[in-house]
Structure formats: structure tokens, C-alpha cells
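For clarity, every value in this text was computed on a predicted model and none was experimentally measured. Lettering of chains follows the sequences in order, A, B, ..., and the numbering in each one begins at 1.
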Amino acid sequence: MAHPKLRVIVEDNDYRRLDLPSGMPETLTELHNTIREAFGVEHDFNIQFMDPDFNNDFMNLTTVQDLQDRGTIKLVYMQNVVGVSPVSSLRSTPSTSLSSETLVSSQSSPCASSIHASSTDSDSTIILKHSDSELRERAWPRNFPIPRFSYNVEMQLQQGNESFRDTGNQLKIAPGLKSEILEKLAEEIFLYTAYPQNYQIDDVAGALIKKFPCLKEQSATGYYSWMISLKYKMANYRTKMRIIGCPEVTVNALKNKSSDECLPAKNVKKPKKAEVNFFPSHPAGETDESLEKVRLELLVDIRQRNTASRVREKMSKTFSYRRKEVVQEKPTAGEVKTRWPALFHISEVGIYCTSLNLCLL
DNA sequence: ATCCTTACGCGGTGGAGAGC
DNA sequence: GCTCTCCACCGCGTAAGGAT
């Protein structure tokens with residue numbers, strides 16, 4: 001039987017064929033790895049597919065279910081230089097994992113996605129800089145991709161699956177195995193959100209059992225206790241992240257709350273629906289002070305001519321700083337307009353509305 | 001002995017829904 | 001529209017047990 005294949009736009013004018021003799025990848029991670037190996041791509045990239053629901057325009061791929069045999073996908077590279085072509089990014093030395101505010105916005109905000117719905121070539125795909133790896137790249141996926149566990153865990157689970165298939169016996173979880181599974185899942189969940197909701201925990205536990213039926217337990221769903229454990233795990237994982245200073249969770253630590261709201265559940269700051277990067281860390285090496293300087297520069301730049309790219313670059317750089325202001329200080333729209341006039345320029349509104357936690361359209 | 005992880009209790013918040 | 005109740009969830013502290 002013929003195996004599936006994909007047409008891959010590796011870069012402009014470089015269309016390649018990707019044969020998949022083992023079938024379609026089961027997870028996005030697997031697809032990423034296959035592409036990396038097949039074409040020697042070293043730089044970080046996002047994948048877009050031609051979405052029939054939107055006139056076959058390219059949309060970010062959030063689940064492998066959207067892949068079709070002989071379909072076309074496109075690689076969109078993460079890079080830290082505005083306007084650099086994907087060609088150079090292919091050849092450049094890979095650095096830290098980078099993300100783009102625009103790409104994030106396109107998944108998390110209806111107004112931003114409108115900008116990209118009609119993008120069909122790389123030149124029109126706006127890529128902005130954020131010189132840190134803290135930004136989230138994806139909204140919550142339709143099908144949660146169970147990450148690859150460490151070799152010994154994968155081996156135990158594969159053997160467990162085989163035994164389950166043959167005998168119907170569930171895997172007897174060895175000491176430490178559960179911890180390793182929960183830890184890896186928590187890491188993966190944290191890539192999307194620090195505060196998963198019930199349906200999200202349900203998604204993850206369901207996906208785990210689907211991939212590893214040997215982990216099924218005696219309950220209506222087969223994964224109830226995994227859901228409970230994941231809830232505990234995420235709570236404990238947040239504590240861990242709080243201790244190492246992850247801003248998204250330290251903002252809710254009692255020691256960072258004012259005396260009148262010094263209660264654990266009072267005014268918990270977490271992402272609203274569809275927000276992806278709620279409270280990212282500052283770019284490496286940047287502080288409130290250094291980013292305040294950039295903000296002051298922006299106030300000058302915005303009044304000058306031919307500074308669009310500089311403004312865009314600085315707005316991207318100060319994304320985390322703006323988010324911090326919005327989350328912690330809850331400024332009025334007027335205050336934001338005074339401090340960040342570039343946000344209200346028509347060319348920037350669609351791109352940056354998510355940084356405000358507002359849809360300005 | 002010490003550290004780490006899981007699981008749990010506590011006292012509280014806040015959103016949803018029912019009743020008025 | 002307001003009040004009340006219910007319930008899920010929050011950070012924090014901690015017990016228990018396993019790993020080192």
C-alpha cells in the first residue's frame with residue numbers, strides 16, 4: 001500500500017517531498033523531528049497547513065489531525081532578527097528556542113489571526129523578535145500530544161502495552177515510574193498553561209491512556225486517578241516554578257500580594273480564555289529598568305519618520321514588560337495609551353492587542 | 001539523615017446558578 | 001438585580017513514604 005506523503009515548503013522556492021513510510025506522525029513533536037531529520041533543518045520552526053475551512057490559506061498547525069496525505073505544509077522559522085529570510089535561518093547557528101509574538105497572537109486572538117488568515121508567503125508572515133525562550137508558541141491543542149518519556153520509561157510502557165495486548169493485564173507501575181510520567185506531563189502542560197482547567201487535565205489523562213492502554217485503571221473513564229494525580233502534580237509543579245521565580249506563578253505567591261489581598265485564592269492572576277502568553281519572563285539579560293529605558297526610547301521613535309521596523313522591534317522586546325504592567329497594575333486604557341502610544345497605531349493594533357489582554361477592534 | 005514527591009487539609013475566593 | 005448556596009480552585013504547610 002502506498003505510504004502517505006507531504007509537500008513541504010522548506011523556504012521560498014524550495015518545495016520538497018516528504019515521504020512517510022511509517023505513516024503519518026502521531027504527534028506534532030514527531031512531525032517536527034521527522035522534518036528535521038529529512039531536511040536537516042536545525043533552526044526552530046512552526047508548521048502551517050493549508051486550511052480548507054479558510055480558502056486553503058496557511059494556518060498554524062496545532063494537531064496532526066489536520067494533516068492530509070499529499071497535503072502541503074509550510075515551515076515558519078523562529079528567529080531573532082526582524083525580516084531575516086528563512087534561508088538564512090536555515091543556515092544560521094541555532095540559538096535558544098525563540099518564539100514570535102505574532103505567531104502566538106495568531107493563535108490566541110481573533111483580531112490578530114485576521115492578519116494572518118490571508119498570508120500565503122513568507123514575506124507577509126510577520127516575524128518578531130523575542131530573545132528569550134519563555135514565550136509560549138501554541139494554544140491548547142485539540143489532541144494533546146503525549147511527550148516522549150525518557151528511554152527507560154518508554155521501554156517499560158511499550159512492554160506494558162505489549163503485555164496488555166496479549167494478556168489484558170495492566171502495567172504494575174514500578175516505583176518512580178509514575179513520578180517520571182507525571183513530571184514529563186507537567187512540563188508539557190506547562191508549555192501551554194500553568195493553570196490547566198478540568199477539561200485540559202481530562203484531555204491529557206485521556207491521551208495518556210489512549211497511547212498507553214496498559215496504564216488504564218478501573219474507573220468509568222479509565223483514567224480518573226491519573227486526573228487527580230495530574231491536578232496534584234500541577235499544583236506541586238507550580239510551587240516548584242514559584243520557588244525558581246517563574247513570573248506567571250510568583251505573581252500569585254502570598255509574599256507578592258498586597259496585605260489586603262494576602263489570601264491564597266484572592267485575585268488569582270491567570271490567563272483568560274485563549275490567552276497564551278499571560279505573564280512571560282523578560283528576555284535574557286533584561287530588567288524592568290532596562291526595558292523602561294526602551295519604552296522611553298519608543299516614545300521618541302514613535303514621533304519620528306521611518307522608524308516602523310525599529311518601533312516594531314522594540315515593541316516586541318518590551319512585550320513581557322507590558323504584560324507585567326497590565327497584569328500587576330491593571331492600568332486604564334488611557335494610561336496604556338500614554339505609556340505605549342505605539343500600541344494604538346493602526347499597523348500595530350492587530351499584532352499587539354494580545355499584549356494588552358484586550359481586543360481593541 | 002536528608003531530600004524529594006505525592007497527597008492531603010486548611011481557610012479562603014470567586015464564578016455559576018437558583019430563588020426571590 | 002440582589003442574595004444565597006454550592007463547588008471548584010487557590011497557595012501554603014505538612015505528613016508519609018521512597019530515593020539517595
Q: Assess the residue pair A:Leu6 and A:Ile35 against the criterion (side-chain contact (heavy atoms from CB on, under 4.5 Å)); give the C-alpha distance rounded to whole Å, side-chain angles, the decisive distance to 0.1 Å, and a yes or no.
A: CA-CA 10 Å; A:Leu6 294 168; A:Ile35 290 170; over 6 Å; no
Q: Dump the intermediate steps for salt bridge (Lys or Arg N to Asp or Glu O under 4.0 Å) on A:Asp19 and A:Arg17, then the final yes or no.
A: CA-CA 6 Å; A:Asp19 287 295; A:Arg17 173 191 172 117; 3.1 Å; yes
Q: Rounded to whole Å, please give me the gap between CD in A:Glu248 and P in C:dC10.
A: 12 Å
Q: Please determine whether the number of non-hydrogen atoms from other residues, nucleotides or ligands lying under 6.0 Å from atom CD of A:Gln304 exceeds 12.
A: yes
Q: Could you list all the salt bridge (charged side-chain N to carboxylate O under 4.0 Å, His left out) pairs where at least one residue sits in residues 228-241 of chain A, not counting sequence neighbours?
A: A:Glu183-A:Lys233, A:Glu183-A:Lys240
Q: Can you pull the salt bridge (charged side-chain N to carboxylate O under 4.0 Å, His left out) pairs that have at least one residue in residues 334-345 of chain A, sequence neighbours excluded?
A: A:Glu292-A:Arg339, A:Glu325-A:Arg339
Q: If the condition is side-chain contact (heavy atoms from CB on, under 4.5 Å), which residues does A:Ala253 pass it with, not counting sequence neighbours?
A: A:Arg242, A:Lys255, A:Asn256
Q: Considering residues at least two apart in sequence or located in another chain, which fulfil the ring pair (Phe, Tyr, Trp, His ring centres under 6.0 Å) criterion with A:Tyr223?
A: none
Q: Which heavy atom of A:Tyr224 sits nearest to which heavy atom of A:Glu217, and what is that distance?
A: N-OE2, 2.9 Å
Q: Taking only residues two or more places apart in sequence or in another chain, which ones pass side-chain contact (heavy atoms from CB on, under 4.5 Å) with A:Leu263?
A: A:Lys266
Q: My understanding is that only residues two or more places apart in sequence, or in another chain, count here; which of them pass side chain to side chain donor-acceptor pair (under 3.5 Å) with A:Lys184?
A: none
Q: Which residues in residues 218-232 of chain A have a heavy atom closer than 4.0 Å to any atom of DNA chain B?
A: A:Ser229, A:Tyr232
Q: Quick one: what's the B/S/- string for nucleotides 11-16 of chain C, heavy-atom cutoff under 4.0 Å, read 5' to 3'?
A: BS----
Q: Output all residues satisfying side chain to side chain donor-acceptor pair (under 3.5 Å) with A:Ser229, sequence neighbours left out; order by chain, then residue number.
A: A:Lys178
Q: I'd like to check the side-chain contact (heavy atoms from CB on, under 4.5 Å) partners of A:Tyr151; sequence neighbours left out, ordered by chain and number.
A: A:Met155
Q: Could you work out how much the helix from B:dA1-C:dT20 to B:dC20-C:dG1 bends, comparing the axis of its first five pairs with that of its last five, to 10°?
A: 10°
Q: Extract, from 5' to 3' on DNA chain B, the first and final nucleotides lying under 4.0 angstrom from some heavy atom of chain A.
A: B:dT5 to B:dG14
